[in-house]
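One structure below.
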Amino acid sequence: MHWADVVAEQLAERADSHIVATGITPSGPIHVGNMREVLTADLIVRACEDRGLDAELVYIADSADPLRKVYPFLDPETYDAHVGRALATIPAPDGEGTYADHFLDPFFSCLDELGIEHRVIDAYQSYADGEYEASVRTACEQRDEIRGLLQRISGRELDADWFPFNPMDDHGRMHGVRVTGYDWPHVEWRNEDGETGRTDLRTGGGKLPWRLDWPARWSWIGVTCEPFGKDHSSAGSSWDTAQPLASLFGVEPPLGLPYEWINLKGQGAMSSSAGNAMSGSELLELVPPEIMRFLISRAKPAKHIDFDPGAGLISLADEYERLERRYHAELRGIEQKPVGEGERRERQRMDDARRFELSQVARGEVSEGDALEMSFSHLSMLCQVKANRQGVFDSLARTHGVDASAPDPRLLERERRMRSWIVSDWFPGEVRILLQADVDADWLAGLEQTERDLLSGFAAGLRSTEWDESAIQEHISASIEAAGMTPRTAFPLLYELLLGRPRGPRLAPLIRELDRDAVLSLMSAISD
RNA sequence: GGGCCUGUAGCUCAGCCAGGUAGAGCAGCCGGCUUUUAACCGGCAAGUCGCGGGUUCGAACCCUGCCGGGCCCGCCA
């Protein structure tokens, strides 16, 4: 049974209606690692729906969180003054709108593309609207008990003047603001500059610290399930402290699902501020949304994912494509048996089917017979070799039976994305088709005489060859024949000469699309 | 120090929770097709399942002890 179905089954034992919560602080570009959370939640929601439960995904934008520091991608001139202020109240890096929205808007676009239906809860607004009032009051009234509980479970010593609410000063800053007095519904405070003031706790003016905020939102939103990053699941961390706090706030804790992190292959955990991250939007510029869903659906949440945005991403996409074909050929409609039933092989097939189904952007059953049957690696090659879309689809018409006059819209999308992938820095060198700049003298010296004859004959004649496919094709054939070689032995040499590797895309059309001057300049190095 | 995850074919991983004779893809090799769009088709080879102990009729799977790798415990998922 697929992991999302296992979670759904556990939820079914608890209730018929569920709210699956996720939240990410919009302090920077929301990267693929961040997005594991919301995708995990979506898969659970889908699995719940598939077994007839009501389920809703709630996304909490932590816009009330203060800017913690001036991140490397921010201008210190502007942002020094904003450290400690809520993300909802400070300007965006490009000056348009708020900081929080600046990073949330592209994220929400991703969610739409990924088919993730969600209700957005804005934390800053929710504090202002009084949604947190009951929890804030409980926290303040029972601050001594909470304080002891936090110290005991987290093993962390809290300051003598610790208070379960971080108020903002008159400049909107939360850092360094101390509570000096409390009388519901007000707190009095003093900031680092010695300024004092009074805040009404019922309408925002600050926020609960994270360890309290988390169970508080469970309480007022009614969260029943929540995936969370492993940083929250260490011993004594916020998940542990949230358990007793939840009962204090009068709710059952949700079913928690810790998930592992996504590493950028070879560079460790993704981090926007460290500059080794790919944002969700970026990924969706390269591959269709179902590939991103597949990345998450194929791995269990407890497994960390080594995300390779280069060759590995092409493999991933191709793997999806093969699974798609297999699904339509033999997996559709396979009976999903309860946990533990069925032969090993059969269980694997059931899970594969679910991996595919849960990767779909559209909800509901996958319609019949709509596999694209087009590998991403093949497409990557065509898009490099063909100057335009027409060329790609003409080729696909010949080799894959694609109707070039009315191609599948999904195929058009894949072609569009592949082109942006190729021009991006993410495109892997292993599959990049690159005309050699020079001839490797050692390689040339090591060849047989007939082999050199082939190359020099080919090179010499190319200059006078008309630059179209059939003329080039003829010239290739003539050169091979003149050298007394066979295509099988000759082609690897020609590829080696042009691309520096023994194989490549069909040669004549490839040369036709390459820059003529560059090719001829390379040829002159051989014929000399 | 505490916690979580992880170690299965050259590579990426599935299988472990629900014990029943080792799986997939890629790469490799061989063959087929071919005046080659890294195509496509067929086949082959490939693993002491990190190591030791235990439980069991039976362990990659459960328990236990080691060893290696990654990460988290300051509001970075």
Side-chain angles (χ1 to χ4, degrees), chain A residues 1 3 6 22-25 27-28 30-38 40 62 65-66 68-69 71 154-156 207 209-211 213-214 227-238 240 258-263 265 268-274 277 298-304 306 308 311-312 314-316 318-319 322-323 326 338-345 347-348 351-352 355 375 377-378 380-382 384-386 391-392 395-396 398-400 430-431 433 473-474 476-478 480-481 486-488 490-492 494-495 499 501-510 513:
Chain A
M1 191 182 278
W3 60 262
V6 173
T22 76
I24 298 169
T25 305
S27 56
I30 295 177
H31 56 67
V32 175
N34 297 129
M35 294 197 68
R36 183 171 203 176
E37 176 160 315
V38 67
T40 301
D62 285 315
D65 288 3
R68 291 178 52 222
K69 61 175 183 181
Y71 297 103
S154 75
R156 195 162 48 125
K207 71 181 290 286
W210 165 245
R211 283 176 187 259
D213 187 305
W214 202 13
F228 52 90
K230 64 166 168 189
D231 54 329
H232 294 317
S233 66
S234 297
S237 66
S238 50
D240 283 353
Y259 60 89
E260 264 282 350
W261 297 40
I262 298 181
N263 296 337
K265 194 180 177 71
M270 276 196 212
S271 160
S272 297
S273 47
R298 69 201 279 268
K300 285 190 284 201
K303 298 275 275 189
H304 84 263
D306 259 324
D308 173 6
I314 292 190
S315 300
L316 178 75
D318 277 345
E319 188 185 331
R322 279 191 304 271
L323 176 61
R326 215 176 116 226
V339 159
E341 283 186 26
E343 297 287 320
R344 186 176 307 279
R345 188 73 61 93
R347 289 188 211 167
Q348 183 127 15
D351 286 0
D352 284 344
R355 285 186 182 107
S375 81
S377 34
H378 187 62
S380 85
M381 185 264 300
L382 283 183
Q384 291 182 80
V385 167
K386 296 297 177 185
V392 170
S395 170
L396 290 179
R398 282 198 306 277
T399 59
H400 286 69
E430 301 95 295
V431 292
I433 294 165
Q473 181 66 62
E474 262 176 55
I476 295 171
S477 305
I480 294 174
E481 202 173 329
T486 62
R488 194 175 184 87
F491 272 100
L494 295 171
Y495 282 112
L499 304 180
R501 19 186 131 166
R503 283 183 302 185
R506 198 177 168 106
L507 196 52
L510 169 67
E513 298 290 346

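Quick note on labels: first sequence line is chain A, next is B, and so on, each numbered from 1.
- The C1' atoms of B:G10 and B:A46 are separated by 9 Å, rounded to the nearest whole Å.
- Summarising the geometry, atom CG belonging to A:D352 is positioned 10.5 Å from atom CZ belonging to A:R298; distances are rounded to the nearest 0.5 Å.
- Under the salt bridge (Lys or Arg N to Asp or Glu O under 4.0 Å) criterion, A:R36 pairs with no residue, sequence neighbours left out.
- What separates CG of A:L507 from P of B:A38 is a distance of 12 Å, to the nearest Å.
- Separating the C1' atom of B:C71 from that of B:A77 is a span of 12 Å, rounded to the nearest Å.
- Here A:I476 lies out of heavy-atom contact (under 4.0 Å) with every strand.
- Among the heavy atoms of the strands, none lies under 4.0 Å from A:R326.
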Which dot-bracket notation, 5' to 3', represents the base pairing of RNA chain B when pairs are defined as Watson-Crick or G-U with both distances under 3.5 Å, crossing pairs as [ ], and inter-strand pairs as |?
-> ((((((((.[[[[.)....(..]]]].(((((.......))))).....[[[[[..)....]]]]])))))))....

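- Rounded to whole Å, atom P of B:A39 lies 12 Å from atom CD1 of A:I433.
- Whole-Å rounding puts the A:L396 CG to B:A39 P distance at 15 Å.
- The distance from the CZ atom of A:R211 to the OG atom of A:S154 is 5.0 Å, given to the nearest 0.5 Å.
- To the nearest angstrom, C1' of B:C13 lies 7 Å from CZ of A:R298.
- In this structure, A:K300 reaches the B:G15 phosphate: one of its side-chain N or O atoms is under 4.0 Å from OP1 or OP2.
- Atom P of B:C40 sits at a distance of 9 Å from the matching atom of B:C26, rounded to the whole Å.
- Note that CD1 of A:I314 is 9.5 Å distant from OG of A:S375, once rounded to the nearest 0.5 Å.
- Partners of A:E260 under the salt bridge (Lys or Arg N to Asp or Glu O under 4.0 Å) rule, at least two apart in sequence or in another chain, are A:K230.
- Of the residues near RNA chain B, A:E474 and A:P338, the one whose nearest nucleotide (by heavy atom distance) lies more toward the 5' end is A:P338.
- Across all strands, A:P502 comes closer than 4.0 Å to no nucleic acid atom at all (heavy-atom distances).
- Summarising the geometry, the separation between CD1 on A:I314 and P on B:U12 is reported as 18 Å, rounded to the nearest angstrom.
- If you take NE2 of A:H378 and P of B:C40, they are 8 Å apart, rounded to a whole angstrom.
- Using atom C1' as the reference point in both B:C62 and B:G15, the two lie 16 Å apart (nearest Å).
- In this entry the distance linking CG of A:D352 with P of B:A14 reads 12 Å, nearest Å.
- Of the possible polar contacts, one joining the A:Q384 side chain to the A:S380 backbone as a donor-acceptor pair under 3.5 Å is found.
- When the ring-ring contact (aromatic ring centres under 6.0 Å, His included) test is applied to A:H378, the partners found at least two apart in sequence or on another chain are A:H400.
- Residues passing the side-chain hydrogen bond (donor to acceptor under 3.5 Å, both in side chains) test with A:T40: none are found, sequence neighbours excluded.
- Remark: A:D318 engages A:S377 in a side-chain hydrogen bond (donor to acceptor under 3.5 Å, both in side chains) (not counting sequence neighbours).
- The distance between atom CG of A:D306 and atom P of B:A14, rounded to the nearest whole Å, is 11 Å.
- Only one option out of A:V431, A:L510, A:I433, A:V392 pairs with A:M381 in a side-chain contact (heavy atoms from CB on, under 4.5 Å); it is A:I433.
- More than 12 non-hydrogen atoms from other residues, nucleotides or ligands lie less than 6.0 angstrom from CD of A:Q473.
- Between B:G23 and B:C16, the distance separating the two C1' atoms is 14 Å to the nearest Å.
- Scanning for salt bridge (Lys or Arg N to Asp or Glu O under 4.0 Å) contacts around A:D351 gives an empty result, with sequence neighbours left out.
- A:Y259 pairs with exactly one of A:K300, A:H304, A:E37, A:K303 by the side-chain hydrogen bond (donor to acceptor under 3.5 Å, both in side chains) rule, that one being A:E37.
- Using atom C1' as the reference point in both B:G47 and B:C13, the two lie 14 Å apart (nearest Å).
- Atom P of B:C30 sits at a distance of 30 Å from the matching atom of B:A22, rounded to the whole Å.
- The gap from the P atom of B:U12 to that of B:G50 amounts to 15 Å, rounded to the nearest Å.
- Not counting sequence neighbours, A:R347 has no partner by the side-chain hydrogen bond (donor to acceptor under 3.5 Å, both in side chains) test.
- The side chain of A:K303 contributes no N or O atom lying less than 4.0 Å from OP1 or OP2 of B:G70.
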Assign a letter to each nucleotide of nucleotides 72-77 of chain B from its 5' end: B, base within under 4.0 Å of a protein heavy atom; S, sugar-phosphate only; -, no contact.
-> BS-BSB

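- Partners of A:F228 under the ring-ring contact (aromatic ring centres under 6.0 Å, His included) rule, at least two apart in sequence or in another chain, are A:W214, A:W239.
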Check the interface with nucleotides 59-64 of chain B: list each N/O to N/O pair with the protein under 3.5 Å, or write none.
from	atom 1	to	atom 2	distance (Å)
B:A60	N6	A:R344	NH1	2.9
B:A60	N6	A:R344	NH2	3.2

Evaluate side-chain contact (heavy atoms from CB on, under 4.5 Å) for A:M270 paired with A:W261, printing each intermediate quantity in order.
-> CA-CA 8 Å; A:M270 276 196 212; A:W261 297 40; over 6 Å; no

Between the protein and nucleotides 24-31 of chain B, list every N/O to N/O distance that falls short of 3.5 Å.
from	atom 1	to	atom 2	distance (Å)
B:G25	O2'	A:R322	NH2	2.2

